[in-house]
Structure formats: C-alpha cells, structure tokens
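Below is one structure, written out as structure tokens, with a few remarks after it.
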Amino acid sequence: GASYSSLILGPAPDLTYHGALSCTISICSTTFSSCPLPDIGVGSQVPGPNCSILVATGRSSPTEEFSGDAVKDLMLRFLGEQAAVKRQVLNASSVEQSFVGLKQLINSKNWRAAVDLCGRLLTAHGQGYGKNGLPTNHTTDSLQLWFVRLALLVKLNLFQNAELEFEPFGNLDQPDLYYEYYPHVYPGRKGSMVPFSMRILHAELEQYLGNPQESLDRLHSMKTICTKILENLEQGLAEDGSMTNITQENTQASVELWRSRLGRVMYSMANCLLMMKDYVLAVDAYHTVIKYYPEQEPQLLSGIGRIFLQIGDIKTAEKYFQDVEKMSQKWDGLQYQIMVLMNRAFLHLGQNNFAEAHRAFTEILRIDPANAVANNNAAVCLLYLGKLKDSLRQLEGMVQQDPKHYLHESVLFNLTTMYELESSRSMQKKQALLEAVAVKEGDSFNTQCLKLG
Amino acid sequence: MDVNQPKQEHLLALKVMRLTKPTLFTNIPVTCEERDLPGDLLNQLMKDDPSTVKGAETLMLGEMLTLPQNFGNIFLGETFSSYISVHNDSNQVVKDILVKADLQTSSQRLNLSASSAAVAELKSDCCIDDVIHHEVKEIGTHILVCAVSYTTQTGEKMYFRKFFKFQVLKPLDVKTKFYNAETDEVFLEAQIQNITTSPMFMEKVSLEPSIMYNVAELNTVNKAGESVSTFGSRTYLQPMDTRQYLYCLKPKQEFAEKAGVIKGVTVIGKLDIVWKTNLGERGRLQTSQLQRMAPGYGDVRLSLETIPDTVNLEEPFDITCKITNCSERTMDLVLEMCNTNSIHWCGVSGRQLGKLHPSSSLHLALTLLSSVQGLQSVSGLRLMDTFLKRTYEYDDIAQVCVISSKVKEEH
C-alpha cells in the first residue's frame, strides 16, 4: 500500500519568474476552461519543465488502494471457502492498463478495482503513490484521471476518502491548474484545466459529508461565474471578458455549453436544498431547473409532488400531479403514461389507500412488465395490506427473473426486511441472496442490504 | 425492542414489525460531460440503475419505496400500525391457533386484534398475518402484548407471549395567550410548536368554542376571492418551529349580558389540531378546555359597542357604549362628560341615566369630535352613583385615528 503524507502547500510562485504570468492569472481565476479538450491519450508522456526554476507547490497523491470485495468476504464467512473461491471479479490487474481497461471495470461495476487502476495510471503521470511533494505537473489527462478516481470514490460512498484526496487541489483554482502555467505544453491556451464535472463533484461532496451549506456556497460561486461568462459571450466578448473575433458559430457553441453547465449547477443546488430539508427553497430551485431542462418538466413536477408528499401536504402534491396529467397534449408515449400512473399510485399512498396504490402500480406492470420501481412498490403495498407471503413472492420473482436489474440495494433491503419478519430462519434465505449477488454483482456492491451483519 | 420470555421450544414463531409509512430512496448523482474521460459511461450507469428517475437521472428523490428499517418514534395522536405474523417453523401441522394482541398502557388494556376467532390449522411454513391499527391517545409507556395459543399434532396445548415496549412522546407544545379587547371580544393567540424530529404539515388548526362564544379564525386572508393562509408558502413546521394562530371570540347574544358580569374563570373552548407527516401519516390532538381569567371590571363596567376606526378632524362622530352594573346593588347613575385637549364631547353633561339593577346594562349613544390629528385616546367619561355618592372614572376607553379631512380615506 501507499502512505499518504499531508500536503504542504508551498510558497507562492516566485514573482520575478512568473511576473509575466501574474496578471493573466488574476483573469484566469474567474474563468473555466472553455476550449475543447485535447485528445486524451492515457499514459502520454508529459515533457517535464525545468524543475530547478519552478517552486514545488505540492502534489496530490492517491491515498491508498481500495481493492477489496465485500461480497467475497461475506461468502467466506457464511458460505465457506469452496463457494468463495468460485467468485470471480475483475480487478485492476486483470484488464488492460489503459482507459480501455478502466472502462471495462467501470461498466462491470468493479469500481474499487477501477479506483486502483486510476491510481496506477496516475503513477505513469508521475503522480503515483508516495509521490507527494515531488515536483510534477498536472495535465488535462492526469486531471481527468483524478476526476474519474474521485467520482468513483463518491459512487462507492467513500466520502471521507474523496475529501482527503481532494484536499491538495484546494479550491481548484491554484495557478498550476491553469494552462498558462505550462506554456511549453499548452502554448497559447488559456483557462482552467480542471474539468467542470470535477468542480461539480467537489461542490456536491460537501453535502454528503454533512456540510450542505459549504456545498451551496461553492455552487453559488460556480453559478456566478457561469452567469458572468454567459454575459460576456452575449456582449460579443470572449468568455473571460477580453476582446475576441471568434465566429458566430463558435460563440453559439460556447453559449450552449455554458448554459448547460449553469443548468447542471442549478440542479445540484436544488438537490442540495432538498437534502437540507429546506423544502420551500428546494421547490423553487427545481422550478428553475425546469427552465434549463424543459424536456424533464413532467419528471421534475412529479418530483416536486413527491416532496410535498414527504412533507405531508397531500393537497399540494395532488395539484402537482394533476398539472402533470394535464400535459398529455405535449407529452405522450410510454414514459409519460407510466409517470402519470406512478403519480396516481403515490397520491393513493398519501391518502392511506394501499389497495388502490397497489392497483395503480400493477397497472404500470401491464404496460411495462419489467418496470423495477412498479414491481418493488406493488410488493411493498402488499405488505401493508397484510399479505407478506404474496409480497415475498413478487419480490423473489423479480430477483430471479431479472437479476441484472433487480439485484438493487433498495429492493434487497425490502426483501431481507421481509425475510426477517417472516421467520426465524431468515439467515438461509439471505444467504441464497448472497449467492445470487455473487454471480452478478461487481466489487462495488453495497452488502449492507443483505443484513448478514 | 422485545422483551423475551424464558426460552422454550415452540413450533410457532411470532414476529412484529411496526408499519410506519415507507420512505423514498434517494440517489447520489455522479455525472460528467461527453468531453470528459468517461464520456457517456457515468450517465449510462445512472440510466441503468433501476432506482433513478427515468429521463431525469440527476434528480435525487427517486420513486422506489423502502420499508421502515427501525421502530422510529411514535407520538400522541398518531396511529400505531403494526404487522403481526405467526409462522409455523416446524414441519408438522399445528391446530387451533389463537392470536391475541393487546395494548397495555398505564391506565388501561385494549384489545387490538382484528379477528378473535381461532384458526383451525396452520400447515408447515405457512403464516397467519394481521395488521393492527390503533390511534394512540396516551403519552408514556405502552406495551404490545401478543399471545399465541395452539395445539400440537399430539394434542398438547401450548401457549406463549411476547412483549414489545415502546414510548409515546408528546408531538406538540401548545401555549395560549388571551387578549381582551375594548369590546366584549376576546382574542386568543395559540402558539404551537413542533417538538418532533420531522417536518409537520398542519392540515387544520381550529378552535371549537364553548357554548358561550362564537369564533372567527384570523389565519387566512382574502386575496382575489381566494382564502390564502397567513403563513404563505411555508405550509409546514420544521422540528422546533413555532406558529401562532389567532382567533377572535365574541360572546353569543344570549350570553352577552352575562359576559360583562362574569368574574373569575371562564371556559373559552378547545383547539383541534390535525397534522400530517411523511406520505400522509396522520395525527390528531385536541387540547383540554382552554380557560381564561376574566378581568375585573369593578362595580360598573363601561364597554364600547361601536366606534369608527378612523374619523375626520373636527368632525363629530358617534359611538355607542354599554354600561353594566356588575355589583350587587341597584345604582342610580348620572353621566358626566369632561373634555380633554383632544376630545370634545357633544351633548348634555350631567344627565341622569336612570336606575340600573344588578347584572343589567343599558346602552348609550354619544357624540364627540377630536381637535388633534393622529391616534387619539377617548377619555373623559364619568359615572356617578347618586345612592353611594361614588364616582367612577373612565379614561382611555378606546383609540381612534384622526385624519385631516383634506386627506382622502383609503379603503
């Protein structure tokens, strides 16, 4: 394994050497990358600058290896070594040591292995384990690898680890994260090399660590900058406010890009406010999101309806669901029909009518038999109607028929909860679930839902 | 949360699960742009995830229902719902199964079972299910007692019980304040605080008046024909939030006479509160009868019946007063009107009002004008009881807003 030494942010770059850069840096700190990223060739060697002149400002380093397989551990405990040996998952060594291999690991939900492969690929960039404090450079490639590693840590719910590895990057605006810092590598290019998605991740991470206010603050800064950039573009200037003679076409592309980024920021804000349980602001924020994602209007209005159901304001929830139903002119097709039925079912739940809710969820299964949500929810209703056995039959049927879709932690949580209610012999059935999981799921599977302790 | 009995091999197993409403599964969206290294990979993962909202995968609040994972809290006024399952763990058929569920509180024992009939037989691996509901009406310790009796294949009669203890907590803190108006009206301010751990939607807060009063609720305003709540868009109470509700109580005609004379404690009415939480989980509480201490009025009470809010400068306006004899003896009253700097009475001062018997009242119409602009206090009335040669002074009876007649009154 690697050891992690705390980052020491070095002194600011020597002003006399970087005198030429200092004024451009102040402009850059208010803009993000707007040019298309260069071809990403993983493992491309970056020519090193003259290290003796540059002051090392510290480098981030992968903290540790994350490989492991909770499913296999459980199998060893409960099913014995023979069964555990049969468990095969891809790990960082069993794929091509490139982005192709990385993609395989991500796709097959072996995210722990993927995190480790990122670490190895970063080593190739001189940013591997134990390389803290050594002079090295960021490139667009290496930053993308960092982004993938951090994104996967978040997907694995390893928020503390993600926070630790984000730390050396500060607020993502240090001078050595800008193109201008590497004039030999990126001659003439301006702006931040940090992927916009990485900034979103950096902002959203705080709420998962219990600091939603910090998330909001970061998102607000991003919103301000995106808005300023769009203003500049509208006035015919470049993104950073300087004069430019870029074509109308390219300006339009840039406007679309920044508009979609602003929309993504608004989406994050709305989600964050919801997590903070500031429902009034969250609802307003989701209304704003609709302006940026008009194609998601029915889903977002339905989501707002569900927020009111959670508060207990059934009447307002009903109003929102009715608004969605009135849109049948604008939307049609299977997805919309399902949405309408789903909303009706939820309204019945809010009115304490589990029988009608069950009927509505079953109605969805008639037009979309593979609908996981409708299946799960119909089974849940059966339990509230006193039909434990029927409910179990429905959920077990789901899991057996289509494990690819139904071995989801929310479904399994419900299943194991009902096993525990059914009899004192729930352990056997839970172990059977473990066997099913072992065949299908990667190393990222959250084994808590199996309730095997 | 169960207290087990000494171990004994039983063929049947009893399990209990509290059925609070399910919750919605939330997702953590992780996205990237096409130009990023993963390309469409992360977005595709979210699309394939069965728990995300199709077409809006970035939306955190999904549609997947999750069963409750723990007992949670239970509050007075809520409905306690529970699944009771008796499962035949053995490989033999069991006969004559009777399942009883009782709820034991500090004051009573209630039977909760839906059916009181015995089940003839229960095959191996089968179960008897029951869902019980009970509106909780007491605070404190409650014990759910489940008793199962059955007969084995060999004819042996078996019996076991399981106890499940839980606490019922107080959900709301209610404080009341009374304000006495110059007229016979009483304003009640009810402060309601949510002392649970989750947001509460206040569906209805109403005051059921006692027989003496009519009540008008002052918690909605009329905006363009619609009744809009004074709480605006904030329709719910977060934990520890407080709301103030206002009601105006007016004594009914037949009690109006009495109201002026009543001393001591009167019963005003009670508050009826209905709230909802997650997915429409309902709670309902009524306060005990709210009581108000009537203010002392002395021997003779002068109260206002009618007075305008706003009057014009130096223009006479009319008021009507009610004079009530709150003492035990008959009075012979003489009315005197004294002018102040701003108030000038019109009419004859020193006239006799006639005899007034105990507990009865008379109505008096008076005219006055104000010579000073602004909020003026009506003062300067004197009542003299000729029998006892006692004078009662009435100052600052009410306020009136005096405006210059050049300024048009805004309606």
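Labels below follow one simple rule: chain letters A, B, ... track the order of the sequence lines, proteins then strands, and each chain is numbered from 1. No experiment lies behind these values; they were computed from the predicted model shown.
A side-chain N or O of Asn414(A) and one of Asn376(A) form a donor-acceptor pair less than 3.5 Å apart.
For a residue to count as touching a neighbouring chain, one of its non-hydrogen atoms must lie under 4.5 Å from one of that chain's; by this rule Tyr406(A) does not touch chain B. Looking at Gln44(B), neither its backbone nor its side chain comes within 4.5 Å of chain A, counting heavy atoms on both sides. Both the backbone and the side chain of Thr58(B) come within less than 4.5 Å of a heavy atom of chain A. Glu420(A) touches chain B through its backbone: at least one of N, CA, C or O sits under 4.5 Å from a heavy atom, while the side chain does not. Residue Gln310(A) touches chain B through both its backbone and its side chain, counting heavy-atom pairs closer than 4.5 Å. Of the two parts of Glu204(A), only the side chain, counted from C-beta on, holds a non-hydrogen atom closer than 4.5 Å to a non-hydrogen atom of chain B. Contact annotation for Leu41(B): only side-chain heavy atoms (C-beta onward) come within less than 4.5 Å of a heavy atom of chain A. Proximity to chain B (any heavy atom under 4.5 Å) is shown, for Asn271(A), by both the backbone and the side chain. For Asp278(A), the parts sitting under 4.5 Å from any heavy atom of chain B are the backbone and the side chain alike. Contact annotation for Asn371(A): neither backbone nor side-chain heavy atoms come within less than 4.5 Å of a heavy atom of chain B. Contact of Val86(B) with chain A is not made at all, since no heavy-atom distance falls under 4.5 Å. Neither the backbone nor the side chain of Met198(A) comes within less than 4.5 Å of any heavy atom of chain B. In this structure, the portions of Val373(A) lying under 4.5 Å from any heavy atom of chain B include both its backbone and its side chain. Heavy-atom distances place both the backbone and the side chain of Tyr279(A) under 4.5 Å from chain B. With a 4.5 angstrom heavy-atom cutoff, Asn88(B) does not touch chain A via any of its atoms. Proximity to chain B involves both the backbone and the side chain of Tyr384(A), based on heavy atoms less than 4.5 angstrom apart. Contact of Leu383(A) with chain B is made through backbone and side chain together, with heavy-atom distances under 4.5 Å. Looking at Leu45(B), only its side chain comes within 4.5 Å of chain A, counting heavy atoms on both sides. When heavy atoms are compared at a cutoff of 4.5 Å, Thr66(B) approaches chain A by way of both its backbone and its side chain. Looking at Phe159(A), the atoms closer than 4.5 Å to chain B (heavy atoms on both sides) all sit in the side chain, from C-beta outward.
No salt bridge links Lys315(A) with Glu203(B); every basic N to acidic carboxylate O contact stays at or beyond 4.0 Å. Between Glu281(B) and Lys21(B) there is no salt bridge, since no side-chain nitrogen of the basic residue lies less than 4.0 Å from a carboxylate oxygen of the acidic one.
Considering all non-hydrogen atoms of both residues, Gly72(B) and Arg18(B) come closest at C-NH1, 3.9 Å. When every heavy atom of Leu143(A) is checked against every heavy atom of Pro195(A), the shortest pair comes out as CB-CD, 4.1 Å. Smallest separation of non-hydrogen atoms from Glu33(B) and Leu257(A): OE2-CD1, 4.2 Å. Of all heavy-atom pairs between Ala285(A) and Leu273(A), the closest is CB-CD1, 3.9 Å. For the pair Ser410(A) and Ser51(B), the tightest heavy-atom approach, listed with the atom from each and the gap, is OG-CB, 4.5 Å. Taking all atoms of both residues into account, the shortest heavy-atom contact from Gln335(A) to Gly55(B) is NE2-N, 4.1 Å.
Of the listed residues (Glu409(A), Glu295(A), Arg264(A)), the one with the most heavy-atom contacts under 4.5 Å to chain B is Arg264(A). With respect to chain B, the highest number of heavy-atom pairs below 4.5 Å among Ala372(A), Ala317(A), Ala151(A) belongs to Ala151(A). Heavy-atom pairs under 4.5 Å with chain B peak, among Val380(A), Leu274(A), Asn377(A), at Asn377(A). The most heavy-atom pairs under 4.5 Å with chain A, out of Met64(B), Met17(B), Arg234(B), come from Met64(B). Between chain A and the options Ser233(B), Ala13(B), Gly62(B), heavy-atom pairs under 4.5 Å are most frequent for Gly62(B). Between chain B and the residues Met342(A), Glu422(A), Lys103(A), the most heavy-atom pairs under 4.5 angstrom are made by Glu422(A). Residue with the most contacts toward chain A among Ile84(B), Thr26(B), Thr20(B), Asp48(B): Thr20(B) (heavy-atom pairs, distance under 4.5 Å). The greatest number of non-hydrogen atom pairs below 4.5 Å with chain A, out of Val53(B), Thr31(B), Thr23(B), Thr235(B), is found for Thr31(B). For the set Leu65(B), Thr277(B), Asp89(B), the entry with the most heavy-atom pairs within less than 4.5 Å of chain A is Leu65(B). The choice from Lys387(A), Gln296(A), Lys451(A) that makes the most heavy-atom pairs within less than 4.5 Å of chain B is Gln296(A). Contact count versus chain B (heavy atoms, under 4.5 Å) is highest, among Ile314(A), Asn352(A), Asp313(A), for Asp313(A).
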ring-ring contact (aromatic ring centres under 6.0 Å, His included) between Phe80(B) and Phe166(B), worked out = CA-CA 11 Å; Phe80(B) 171 69; Phe166(B) 59 92; 4.7 Å; yes
Test log, rule salt bridge (charged side-chain N to carboxylate O under 4.0 Å, His left out), inputs Glu135(B) and Arg284(B) = CA-CA 9 Å; Glu135(B) 193 178 322; Arg284(B) 182 179 183 174; over 6 Å; no
Decide yes or no on ring-ring contact (aromatic ring centres under 6.0 Å, His included) for Phe71(B) and Phe164(B), but give the supporting numbers first.
-> CA-CA 11 Å; Phe71(B) 188 90; Phe164(B) 305 92; 9.3 Å; no
side-chain contact (heavy atoms from CB on, under 4.5 Å) between Cys146(B) and Val148(B): does it pass, once the steps are laid out?
-> CA-CA 7 Å; Cys146(B) 296; Val148(B) 180; 5.6 Å; no
Show your working on ring-ring contact (aromatic ring centres under 6.0 Å, His included) between Phe308(A) and Phe346(A) and close with a plain yes or no.
-> CA-CA 11 Å; Phe308(A) 282 105; Phe346(A) 276 110; over 10 Å; no
Give the C-alpha distance, both sets of side-chain angles, the deciding distance and a yes or no for side-chain contact (heavy atoms from CB on, under 4.5 Å) between Val280(A) and Tyr236(B).
-> CA-CA 9 Å; Val280(A) 174; Tyr236(B) 60 95; 3.8 Å; yes
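Here the two rings, on Phe25(B) and Phe413(A), have centers that are 6.0 Å apart or farther.
You'll find the side chain of Leu19(B) reaches within 4.5 Å of the side chain of Val131(B), heavy atoms only.
A tilted orientation is assigned to the rings of His10(B) and Phe160(B), their planes being inclined by 30° to 60°.
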